[in-house]
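Heads up, the thing below is written out as structure tokens.
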Amino acid sequence: MLSTCLALSGLLAFESFTWAAATNLRQHLKNRRGGREISRYDARPGDVSFAFYQKDRKWNHAGVVTGGKRGNLNITQHGSKNHTTLNQWLKPKKITAVSIIRPGRRK
């Protein structure tokens, strides 16, 4: 049943639901919640960071900014390493872009 649902939704079995939803969350924050793209140097706790992986060619990872200074942000995410930094995200060079969105207020 799960594999049928995954096939119908267009997801591959090895993708987590959180990663598969990153693109949709980014679009929702920008288009429906009045979120705006900001610089890593202007980021503050509560902003949402998204990673674009070169291999997958999509925004497929998200984390919440929890602190940091001078552009090296602390990020909380799901997975085996829940707390990391933006610099650690960028270290393996598999991420080709980072988008940081400051969500807008609900109406």
Side-chain angles (χ1 to χ4, degrees):
M1 179 69 176
L2 179 60
S3 61
T4 303
C5 292
L6 290 173
L8 291 174
S9 68
L11 300 176
L12 300 176
F14 60 84
E15 289 184 321
S16 78
F17 290 106
T18 305
W19 285 18
T23 296
N24 291 336
L25 175 60
R26 184 175 176 274
Q27 289 175 335
H28 173 76
L29 291 176
K30 286 182 77 171
N31 299 335
R32 302 275 188 233
R33 291 290 302 272
R36 59 187 172 97
E37 192 113 16
I38 58 168
S39 160
R40 67 190 282 182
Y41 299 98
D42 295 326
R44 62 184 186 214
D47 294 340
V48 184
S49 56
F50 297 91
F52 189 95
Y53 280 80
Q54 180 178 8
K55 178 182 171 189
D56 299 327
R57 296 184 181 162
K58 59 184 173 182
W59 298 101
N60 69 352
H61 196 71
V64 177
V65 175
T66 55
K69 57 184 172 183
R70 288 186 234 137
N72 186 23
L73 306 175
N74 297 326
I75 298 172
T76 299
Q77 60 187 0
H78 79 288
S80 60
K81 189 172 183 183
N82 293 335
H83 302 285
T84 189
T85 65
L86 183 58
N87 287 348
Q88 288 172 330
W89 259 19
L90 298 171
K91 203 175 231 180
K93 301 196 187 302
K94 295 178 182 178
I95 296 174
T96 57
V98 171
S99 171
I100 301 170
I101 306 293
R102 177 158 302 144
R105 298 192 183 274
R106 286 188 174 181
K107 295 179 180 182

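Residues: numbered from 1 along the sequence shown.
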Side chain of S99, backbone of F50: donor and acceptor closer than 3.5 Å?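 It does not hold such a pair.
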Does K30 have any side-chain contact (heavy atoms from CB on, under 4.5 Å) partners at least two apart in sequence or in another chain, and if so, which?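 Only R26, E37, I101 meet the side-chain contact (heavy atoms from CB on, under 4.5 Å) criterion with K30.
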Applying ring-ring contact (aromatic ring centres under 6.0 Å, His included), which residue pairs with at least one partner in residues 81-100 are found, sequence neighbours left out?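 For residues 81-100: H61-W89.
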Reported CG-to-CD1 distance for the pair N82 and I75, which is rounded to 0.5 angstrom: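 Answer rounded to 0.5 Å: 13.0 Å.
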CG on L25 to CZ on R33, rounded to 0.5 Å: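 Going from the CZ atom of R33 to the CG atom of L25 covers 10.0 Å.
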Run the ring-ring contact (aromatic ring centres under 6.0 Å, His included) test against F52 and tell me which residues pass, sequence neighbours left out.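 Result, ring-ring contact (aromatic ring centres under 6.0 Å, His included) vs F52: W59.
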Under the rule for side-chain hydrogen bond (donor to acceptor under 3.5 Å, both in side chains), what residues qualify as partners of N87, not counting sequence neighbours?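 In terms of side-chain hydrogen bond (donor to acceptor under 3.5 Å, both in side chains), with neighbours along the sequence ignored, N87 is linked to R40, N72.
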Go through the structure and list residues passing side-chain hydrogen bond (donor to acceptor under 3.5 Å, both in side chains) with T66, not counting sequence neighbours.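 Testing T66 for side-chain hydrogen bond (donor to acceptor under 3.5 Å, both in side chains), a comparison that skips the adjacent residues, returns none.
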Quick check: closest heavy atoms across A43 and I100, and the distance to 0.1 Å?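 Closest approach of A43 to I100, heavy atoms only: CB-CG2, 4.1 Å.
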Tell me the closest heavy-atom pair linking G46 and P103, and the distance in Å.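 Looks like O-CD, 4.0 Å.
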Under a single-linkage definition using a 4.5 Å side-chain heavy-atom cutoff for Ile, Leu, Val, Met, Phe, Trp and Tyr, are L90 and V64 assigned to the same hydrophobic cluster?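 No, because L90 and V64 fall into different hydrophobic clusters, even though each may have its own neighbours under 4.5 Å.
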Using the salt bridge (Lys or Arg N to Asp or Glu O under 4.0 Å) rule, collect all pairs that involve residues 43-53, keeping only residues at least two apart or in two chains.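 Every salt bridge (Lys or Arg N to Asp or Glu O under 4.0 Å) pair that includes a residue of residues 43-53, provided the two are not neighbours, is D47-R102.
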